[in-house]
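Source: prediction; values computed, not measured. Below, chains carry the letters A, B, ... as their sequence lines are ordered, and counting in each starts from 1.
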2 protein chains.
Amino acid sequence: MFQKILIAEDMDFINSGIRAELAKLEIKEIDYTQYCDEALLKLKSARLNNAPFDLLISDLSFNKDHTAQKINSGEELIKAVRKEFPDLKIVIFSVEDKMYRIQTLCNEDKINAYVWKSRDGMRELKKALQKIHNSNEFYISPNVAGALSQNEAVEIAEYDIFLLNCLAKGYSQEEISAALKNKNYSPTSMSSVEKRLKSLKEYFNANNVVHLVSISKDLGLI
Amino acid sequence: MFQKILIAEDMDFINSGIRAELAKLEIKEIDYTQYCDEALLKLKSARLNNAPFDLLISDLSFNKDHTAQKINSGEELIKAVRKEFPDLKIVIFSVEDKMYRIQTLCNEDKINAYVWKSRDGMRELKKALQKIHNSNEFYISPNVAGALSQNEAVEIAEYDIFLLNCLAKGYSQEEISAALKNKNYSPTSMSSVEKRLKSLKEYFNANNVVHLVSISKDLGLI
DNA sequence: AAAAACCTTACGGGTTTCCGTAAGGTCTGC
DNA sequence: GCAGACCTTACGGAAACCCGTAAGGTTTTT
């Protein structure tokens with residue numbers, strides 16, 4: 001089994017749960033942190049001391065608190081870790097079930113397992129550790145596996161996210177056009193905004209822009 | 001301290017964490033369940049056996065699974081428990097920070113503590129147990145205490161929630177009027193819908209209906 | 001180099017929403 | 001019983017959005 005595991009999880013009651021259960025698996029060393037910056041530091045420090053971690057288990061959302069952080073989310077942490085440790089095995093343990101975010105993590109950040117924080121999340125976490133330790137197979141919780149089996153990934157550009165965010169904030173199309181100019185996006189005309197919104201509505205099968213924004217919130221795009 | 005505690009929490013990894021930490025507090029008996037129906041049954045059964053629980057710690061959201069339930073949420077569980085056990089101390093331990101839902105629980109369901117599942121959630125859970133055991137004082141996590149200190153609670157009628165849900169589903173105002181007639185709400189004219197939406201926008205300080213729906217989702221109204 | 005394809009923008013017309021006003025009905029207070 | 005307040009609805013005009021078409025510029029393909 002894994003010998004040295006780092007847990008990056010901001011909630012103390014979840015940290016306790018994971019540590020209590022993993023302790024039963026005869027894992028020699030289990031360390032943990034509630035902060036992303038400290039997680040990266042611990043990984044680096046361990047490598048320098050010739051006693052590297054062989055697994056990182058990380059949450060995705062880290063609530064802000066008084067401690068200023070350079071790395072503000074699990075996604076940022078995973079990117080930073082993957083850059084620095086290309087071969088380290090990484091398990092995401094998250095409540096997130098939004099298709100868009102899971103796809104990005106699996107396809108771009110090359111995580112080794114995605115475990116959904118469901119009722120049987122701990123049981124699945126253990127299964128995932130078993131599976132990825134012995135092989136290079138990828139593990140994903142059955143309930144969210146559908147996020148990856150879609151024929152087409154949701155490919156929404158940063159431009160579109162910006163549009164949707166402007167809509168959600170109550171901007172008119174004229175104001176959206178002005179905001180696009182402000183941020184040096186291209187194109188910026190109102191006609192472009194109209195056309196892009198029309199195609200987004202078609203893509204998501206939305207009846208109108210209210211529906212579009214509602215769907216986007218449900219999908220976790222904004 | 002409390003002698004016999006029931007934990008109603010659907011996630012196994014959180015159950016583990018809470019039990020592990022509470023075991024350190026010399027609480028004689030800690031039972032748990034992942035299902036609402038079973039929670040109510042356990043409370044009733046214990047009373048019948050003359051060995052009642054003196055505390056219930058419950059989550060709010062319980063994901064559905066294959067096991068059919070009559071009670072489908074923490075809110076429903078709390079209502080049912082409060083009806084049957086008026087004096088039982090109840091602590092909510094939840095990730096929920098939406099003002100609207102917290103207000104309803106505290107004002108209507110008379111819970112004894114609301115502990116937000118934050119980074120220090122476990123530490124706060126312990127503080128809450130200390131506080132409510134010794135007295136009838138109410139405990140709420142500092143971070144979400146603001147939800148109760150608002151001068152006016154958010155008082156949105158069922159009619160308004162219906163309106164907002166229709167909007168989020170992409171209905172036009174004409175379609176909303178028809179849906180209101182269908183459900184025997186009153187009033188139902190398009191003019192009434194216009195006027196009610198106008199006043200909701202004013203109430204929430206929304207620029208337009210897209211903004212209104214976005215705010216409503218953020219507040220947890222829909 | 002030229003043609004074709006694609007992108008951006010403007011524009012006009014239709015539809016929906018927004019907003020205020022007015023009329024009629026109901027409820028409340030005197 | 002009546003006046004005043006409030007609610008519901010209709011309506012008209014303005015504003016915003018929706019949609020297709022057309023023109024000009026840029027990129028790609030031949």
Side-chain angles (χ1 to χ4, degrees), chain A residues 152-219 221-222, chain B residues 152-219 221-222:
Chain A
E152 295 168 26
V154 176
E155 292 182 21
I156 300 297
E158 190 188 330
Y159 180 93
D160 300 316
I161 303 296
F162 186 81
L163 274 192
L164 292 168
N165 273 305
C166 286
L167 280 174
K169 286 170 187 166
Y171 287 24
S172 67
Q173 288 181 5
E174 193 174 341
E175 288 165 333
I176 293 174
S177 170
L180 288 164
K181 289 190 177 86
N182 242 353
K183 294 280 191 176
N184 285 325
Y185 277 106
S186 177
T188 62
S189 72
M190 280 182 64
S191 208
S192 284
V193 170
E194 283 178 29
K195 286 184 190 334
R196 185 60 66 98
L197 290 179
K198 177 180 157 74
S199 68
L200 283 167
K201 277 186 288 179
E202 281 169 5
Y203 186 84
F204 289 108
N205 210 23
N207 295 341
N208 53 33
V209 293
V210 181
H211 197 193
L212 176 62
V213 165
S214 179
I215 291 168
S216 300
K217 276 192 170 281
D218 289 344
L219 287 176
L221 295 175
I222 56 173
Chain B
E152 298 167 24
V154 177
E155 291 180 20
I156 300 298
E158 190 187 331
Y159 180 93
D160 300 316
I161 303 296
F162 185 82
L163 272 193
L164 292 168
N165 272 306
C166 287
L167 279 174
K169 286 171 188 165
Y171 287 24
S172 66
Q173 288 181 7
E174 190 171 348
E175 288 166 332
I176 293 175
S177 170
L180 289 165
K181 289 190 178 81
N182 242 353
K183 294 281 190 175
N184 285 324
Y185 277 105
S186 175
T188 61
S189 73
M190 280 183 62
S191 208
S192 284
V193 170
E194 283 177 28
K195 285 183 189 338
R196 187 60 68 96
L197 288 179
K198 176 178 159 73
S199 69
L200 283 168
K201 279 185 288 175
E202 281 169 5
Y203 186 84
F204 288 109
N205 209 23
N207 295 341
N208 51 34
V209 293
V210 181
H211 199 191
L212 177 62
V213 166
S214 178
I215 290 169
S216 301
K217 276 192 169 279
D218 289 344
L219 288 178
L221 295 175
I222 57 173

Using the side-chain hydrogen bond (donor to acceptor under 3.5 Å, both in side chains) criterion, which residues pair with [X]? Sequence neighbours excluded.
X: A:Ser191; answer: none
X: B:Glu175; answer: B:Ser172
X: A:Ser199; answer: none

Subject >> salt bridge (charged side-chain N to carboxylate O under 4.0 Å, His left out) partners of A:Glu202, counting only residues at least two apart >> reply: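 For A:Glu202, the residues satisfying salt bridge (charged side-chain N to carboxylate O under 4.0 Å, His left out) (neighbours in sequence not counted) are A:Lys198.
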
**OP:** Applying salt bridge (charged side-chain N to carboxylate O under 4.0 Å, His left out), name anything that partners A:Lys217, two or more places apart in sequence or on another chain.
**Re:**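 Salt bridge (charged side-chain N to carboxylate O under 4.0 Å, His left out) list for A:Lys217, sorted by chain: B:Asp218.
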
Please list, for nucleotides 13-17 of chain C, all pairs of protein and nucleotide N/O atoms separated by less than 3.5 Å.
unit_1	atom_1	unit_2	atom_2	d
C:dT17	OP1	B:Gln173	N	3.3
C:dT17	OP2	B:Gln173	N	3.4

**OP:** Can you sort out the partners of A:Glu194 under side-chain contact (heavy atoms from CB on, under 4.5 Å), two or more places apart, ordered by chain and number?
**Re:**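 Residues passing side-chain contact (heavy atoms from CB on, under 4.5 Å) with A:Glu194: A:Gln173.
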
**OP:** Please name all residues satisfying side-chain contact (heavy atoms from CB on, under 4.5 Å) with B:Lys181, sequence neighbours left out, ordered by chain then number.
**Re:**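 Counting only residues at least two positions away or on another chain, B:Lys181 forms a side-chain contact (heavy atoms from CB on, under 4.5 Å) with B:Ser177, B:Thr188.
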
Original post:
Restricting to pairs with a member in residues 206-216 of chain B, which pass side-chain hydrogen bond (donor to acceptor under 3.5 Å, both in side chains), not counting sequence neighbours?
Top reply: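 Listed by first then second residue: nothing to list.
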
**OP:** Give me the bend of the helix from C:dA1-D:dT30 to C:dC30-D:dG1, using the axes of the five pairs at each end, rounded to 10°.
**Re:**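 Both end axes considered, the difference amounts to 30°.
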
Original post:
B:Lys195 near the nucleic acid: base, sugar-phosphate alone, or nothing, with a heavy-atom cut-off under 4.0 Å?
Top reply: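 If one applies the 4.0 Å heavy-atom cut-off, B:Lys195 turns out to touch a base.
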
Original post:
If you walk 5' to 3' along DNA chain D, what is the first nucleotide with an atom under 4.0 Å of a heavy atom in chain A, and what is the last?
Top reply: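 First and last nucleotides in contact are D:dC17 to D:dT21.
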
**OP:** Would you please name every residue forming a ring pair (Phe, Tyr, Trp, His ring centres under 6.0 Å) with A:Tyr185, sequence neighbours left out?
**Re:**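 Listed in chain order: A:Tyr159, A:Phe162.
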
**OP:** Check whether any side-chain heavy atom of B:Leu163 sits under 4.5 Å from a side-chain heavy atom of B:Leu167, and report yes or no.
**Re:**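 The answer is no; the side chains never approach within 4.5 Å.
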
